[in-house]
Amino acid sequence: MAAAAVLSAFYAINEYANGTGAIVKNADRNADRFEAVFRDLVQARFRAMNIAADVMLQSRVTIEAFARDDRAGLVARMEPFYKETLEKTHGVAQLNFWQPPAKLYYRAGDAKSFGQDLSNFRKSVVAANERRQRISAIETGAGGIIAIRAIVPVVVEDKHVGVVEYATGFDIPLERAGATTGLKWSVGLMKEVSDRVERPADPKNDAWKGNDVFYLYSDPITGETMRGMEFDPRAKGYTLASSGSKTVFVKTFPVVNFSGVPTIVVANVLDVTDAFAEVQQSVAIKTGILFLIITVVGSFGLLKFGSMREGLTRALNRQKIELEERAAACDAAVAKLKEVDVIKRGFFTNLVTAVSEPLQAVAGQLQSVAQTVEAVAEGRKPDDAAATALRERFAFALSETTRLGRLAADYQQLELFRQKLVKADTPLLSLPDVVGKVLNEDVAAYRRLPQLAITTAMPADLPATRADGDLLRRAVSGLVGYAAQRGGQGKIALSGRVNDAGWLEVSVSGSAFAAAGAPDEALLDESRQFLSRLGATPTATPNAAPLVGVVLSRVIIEFYGGTLEPSVKANDPGFVFRLPVAA
């Protein structure tokens, strides 16, 4: 009976795992199919609405009424057509005419709504008017209304008048994808976007998951399920979560806005409680029958022992093969991640090299041109204001190219760290001494700013760590310089201690970081920093903010076994870095 119990237990575990695994695998396939159907339907809506907009642009009566500011004529022509054809027959939720930048000129079906400037809510309309290009995107409007939108510029006699917008409900492709796959759905929105569009909070309806709030559901039961369970909405794979007594399959996928930012997340939801219970009941019955059969057969002798042992071996081998397959899959995934990392490093190395060389040539040319222009200006004796303006423009151009040169130098320094080309000496080091040298030498110029105060509170008895003093000084000065150069006012306090985990912890924080822009995790991402700086619009004055210097500080600290992260205190923004105590 003991042998029968052991064999039956192995069988039950294996069967239950296979049965529930098949349910989850099928749900996972349906979730992928849901996403594919949803995206296909969205693209179909984009095409249909763009065609409708192009057809409308051929109507001279309609478009010229918009161009002539004949709002009454436009309303009289479009209201019947919208209500009887577009809304009822084709499911068009909105037909809007916009004047730059995003001033509502006419909304079909709601002719009384006009004149509002919705630039803060409708960034896609602003972009379409500025670029004078059509935009097809999913965007969240005022009040948290998400819609599929096709925005097409209107040009009359080579003059840009505004844009016409078709919008359909975001729930239409979701409902059709849900009907195709049998999955329920819920829609969430990033907190930043929810706040910007002034979506009204509803504690009874909203389901907060991390930085996302879910507030649209396929049905009320799905809403209750979402509010009752915890999961990561930005996870790459599926999650089996608990909601009360329910076991729920959840898998999400992001939806990007017209700028390519994933501001919306769609969660596929499937209650697998009953399916799991059916598998458990079936396995229990089969296990009981198997137990009885083995017990009865075993009572007649050990003649069947060989075959039973073989069956047990097969079961164990099957589990072993599955474990080996999973281990191989994990190894392949790790290798792929390493390959992606190598590609990323090579990309940024080539990009920095490509930017650095022309910058050096441009800077040299600007220096010689500035001297020549100034000499000519002195010969012609222009007025002082014109000469000053001329010099300031060349000084600005030279400063900007120099700034980009420093940007490239910082990234080259990052690659030196990664390729182990810097020295790796790790002598004993006193953090109070390093901070003292930073204040007296590296940031001495910042301390002379009248509105900036830099103080330190480093206990002299802090234990030593192992790091290169010059490199660690560069890291600390880079953190201080972030606030000093960007804000230039307020307070910066440096304090140190040994935390509860036994690590040296240094805080670089204060009100100056609020003036400069409170640090966050995105600030420490080198790729996003680099692309952001390259794509920045030139300003009226030079901007030499050492954003990449912060990334370099992170690399230096991590090179010596430490960590760098933004301060979690909202009223005391800044940075916190930790280093191990020397053994």
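Only heavy atoms go into these numbers, but all of them, side chains included; no hydrogens, no water, no symmetry mates. The model shown is predicted, which means the values in this text are computed figures rather than measured ones.
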Sidechain-backbone polar pair: Thr225 side chain, Ile221 backbone, donor-acceptor under 3.5 Å: yes
Check: Tyr105 ring centre within less than 6.0 Å of Phe114 ring centre: no
Pair listing, side-chain hydrogen bond (donor to acceptor under 3.5 Å, both in side chains) test, anchored in residues 166-188, at least two apart: none
Between OH on residue Tyr106 and CE on residue Met78, distance to nearest 0.5 Å: 6.0 Å
Main-chain N/O of Met229 paired with Lys209 side-chain donor or acceptor, under 3.5 Å: yes
Test side chain to side chain contact (heavy atoms under 4.5 Å, CB included) applied to Asn268 and Val250, step by step: CA-CA 6 Å; Asn268 294 136; Val250 185; over 6 Å; no
Quiz item: cation-pi between Arg71 and Phe66, 6.0 Å / 45°: no
Passing candidate, side chain to side chain contact (heavy atoms under 4.5 Å, CB included) with Met49, options Val152, Ile148, Leu95: Ile148
Counterpart residues, salt bridge (Lys or Arg N to Asp or Glu O under 4.0 Å), relative to Arg196 (two or more places apart): none
For the student: nearest non-hydrogen atoms of Phe121 and Val197, plus distance: CD2-CA, 3.5 Å
Contacts of type ring pair (Phe, Tyr, Trp, His ring centres under 6.0 Å), residue Phe513, not counting sequence neighbours: Phe575
Check: Phe231 ring centre within less than 6.0 Å of Tyr238 ring centre: no
Pair Asp206-Arg199, salt bridge (Lys or Arg N to Asp or Glu O under 4.0 Å): steps then yes or no: CA-CA 11 Å; Asp206 295 349; Arg199 186 191 66 84; 3.0 Å; yes
Student check: side-chain heavy atoms of Val163 and Val154 closer than 4.5 Å: no
Donor-acceptor contact present, side-chain Ser567 to main-chain Gly574, <3.5 Å: no
